[in-house]
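Below you'll find the structure, written out as structure tokens, and then a few comments.
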Amino acid sequence: MPILAKAILASHNDGKVKEFQGWLQPWIGELLPLPSTIEIAETADSFLGNACLKATTAAKEMGEWAIADDSGLAVHALKGAPGIYSARYGATDAERIERLLREMAGVRDRRAEFICVIALARPDGTIAITTEGRCTGEILSAPRGSGGFGYDPIFWVPSQQRTFAEMSPMEKQQISHRGQALQQLQEYFQALSP
Ligand code: IMP
């Protein structure tokens, strides 16, 4: 028996809905995307703020449980940029990577981390739980690999000696920021299971 018969994922991205449904399968009967008529602007100043804002708004609009995530890349030498602006750092993945590499030209400290915050909101909009995953790595000076999306080709994971773009989806999922945040959400539902 699922813990929640139905929940909304505050996203219009079907790929993301499938990924989340895969992780939360036994506990959430049906995970549905946010209707295309509802647009929620990410106006908060933190990953946590944006995840909670999206989950709360989606829950109240739909009168259902709602899940939302916010994620991005924080580069140490750039004081945490692009951070919550990761998706808006350029018009395409290629332009975002190009801009980041330009800003990192000649910079020796290449440390960076991907961060993902997930929020679960009750139908009245109150937050039931938030989880956070982080994956540390380094920014390469040129892209490597053809898998994944976003900044994956320039994100080097020293413990794996590969970029995110050189890993299979399964390998990335096991160590990624999003995988860790989803794992914590699984543990939350697991603890509620009879
Ligand atoms: P969000 O959909 O608002 O959470 O935007 C996250 C943005 O951060 C994406 O558009 C990517 O640019 C970047 N990002 C987040 N997670 C990843 C990842 O796993 N790999 C590469 N880029 C990511």
Side-chain angles (χ1 to χ4, degrees), residues 8-20 22-23 33-34 36 38-58 66-76 78 80-104 110-120 130-140 142-157 159-160 162-185:
I8 307 297
L9 184 70
S11 167
H12 300 131
N13 180 336
D14 287 338
K16 197 179 255 189
V17 176
K18 277 209 188 86
E19 184 190 353
F20 274 60
W23 281 85
L34 195 63
S36 55
I38 303 178
E39 200 59 62
I40 307 171
E42 297 182 347
T43 53
D45 61 2
S46 65
F47 294 113
L48 179 66
N50 278 328
C52 290
L53 174 70
K54 288 192 283 183
T56 295
T57 310
I67 297 173
D69 77 325
D70 196 34
S71 60
L73 178 65
V75 178
H76 198 258
L78 301 179
I84 58 166
Y85 303 107
S86 294
R88 297 165 260 178
Y89 221 45
T92 63
D93 277 350
E95 284 180 27
R96 288 185 273 271
I97 286 180
E98 210 179 279
R99 174 171 173 191
L100 189 57
L101 291 183
R102 215 173 34 243
E103 289 173 356
M104 291 293 284
R110 314 291 299 188
R111 286 174 295 165
E113 67 180 343
F114 269 119
I115 300 164
C116 175
V117 175
I118 297 178
L120 171 68
T130 62
T131 66
E132 180 181 297
R134 287 172 187 254
C135 182
T136 55
E138 289 162 20
I139 302 300
L140 293 181
R144 271 180 69 157
S146 54
F149 72 103
Y151 301 91
D152 281 353
I154 53 167
F155 189 74
W156 176 257
V157 184
S159 62
Q160 309 295 309
R162 271 175 297 167
T163 65
F164 265 178
E166 293 174 312
M167 296 178 195
S168 69
M170 190 78 98
E171 287 170 324
K172 179 181 165 186
Q173 193 168 286
Q174 274 164 9
I175 58 162
S176 79
H177 48 309
R178 194 170 297 95
Q180 291 177 44
L182 278 162
Q183 228 163 339
Q184 289 166 35
L185 193 57

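Each ligand, and each atom within it, is numbered from 1 in the order the structure gives.
- Heavy atoms of F155 found under 4.0 angstrom from ligand 1: none, in either backbone or side chain.
- The single protein non-hydrogen atom nearest to atom 23 (C) of ligand 1 is F114 CE2, 3.4 Å, given as residue, atom name and distance.
- When atom types are taken as modelled, the side chain of Y151 and the backbone of L100 share no donor-acceptor pair closer than 3.5 angstrom.
- Remark: L73 CG to S86 OG distance equals 5.5 Å, nearest 0.5 Å.
- Here the closest non-hydrogen pair linking G49 and S46 is N-OG, 2.8 Å.
- The single protein non-hydrogen atom nearest to atom 19 (O) of ligand 1 is K172 NZ, 2.8 Å, given as residue, atom name and distance.
- In this structure, the protein non-hydrogen atom closest to atom 20 (N) of ligand 1 is D152 OD1, 2.5 Å.
- Backbone and side-chain nitrogen or oxygen atoms of S71 are examined, and one is located within less than 3.5 angstrom of a nitrogen or oxygen of ligand 1.
- Between the choices Y85, Y151, F149, the shortest heavy-atom distance to atom 17 (C) of ligand 1 belongs to F149.
- Looking only at distances, no side-chain donor or acceptor of E132 sits under 3.5 Å from a matching main-chain atom of I115.
- Remark: side-chain polar atoms of E138 are not paired, donor with acceptor, to backbone N or O of W156 under 3.5 angstrom.
- Side-chain atoms of R110 come within 3.5 Å of backbone atoms of M104 as a donor-acceptor pair (strictly under, hydrogens ignored).
- Considering backbone and side-chain atoms alike, E42 places an N or O below 3.5 Å from some N or O of ligand 1.
- Atoms of ligand 1 found under 4.0 Å from any heavy atom of G72, numbered from 1 in the order shown, are 8 (O).
- The nearest protein atom to atom 10 (O) of ligand 1, hydrogens excluded, is given as A87 CB, 3.4 Å; this is a heavy-atom distance.
- The N/O atoms of D70, backbone and side chain alike, include one that comes under 3.5 Å of an N/O atom in ligand 1.
- When only non-hydrogen protein atoms are considered, atom 8 (O) of ligand 1 lies nearest to S86 CB, 3.3 Å.
- If you look at K16 next to ligand 1, the close heavy atoms, those under 4.0 Å, all belong to the side chain.
- Not one N or O on the side chain of S71 forms a donor-acceptor pair closer than 3.5 Å with the backbone of C116.
- A salt bridge links R99 with E103; the closest basic N to acidic carboxylate O contact falls under 4.0 Å.
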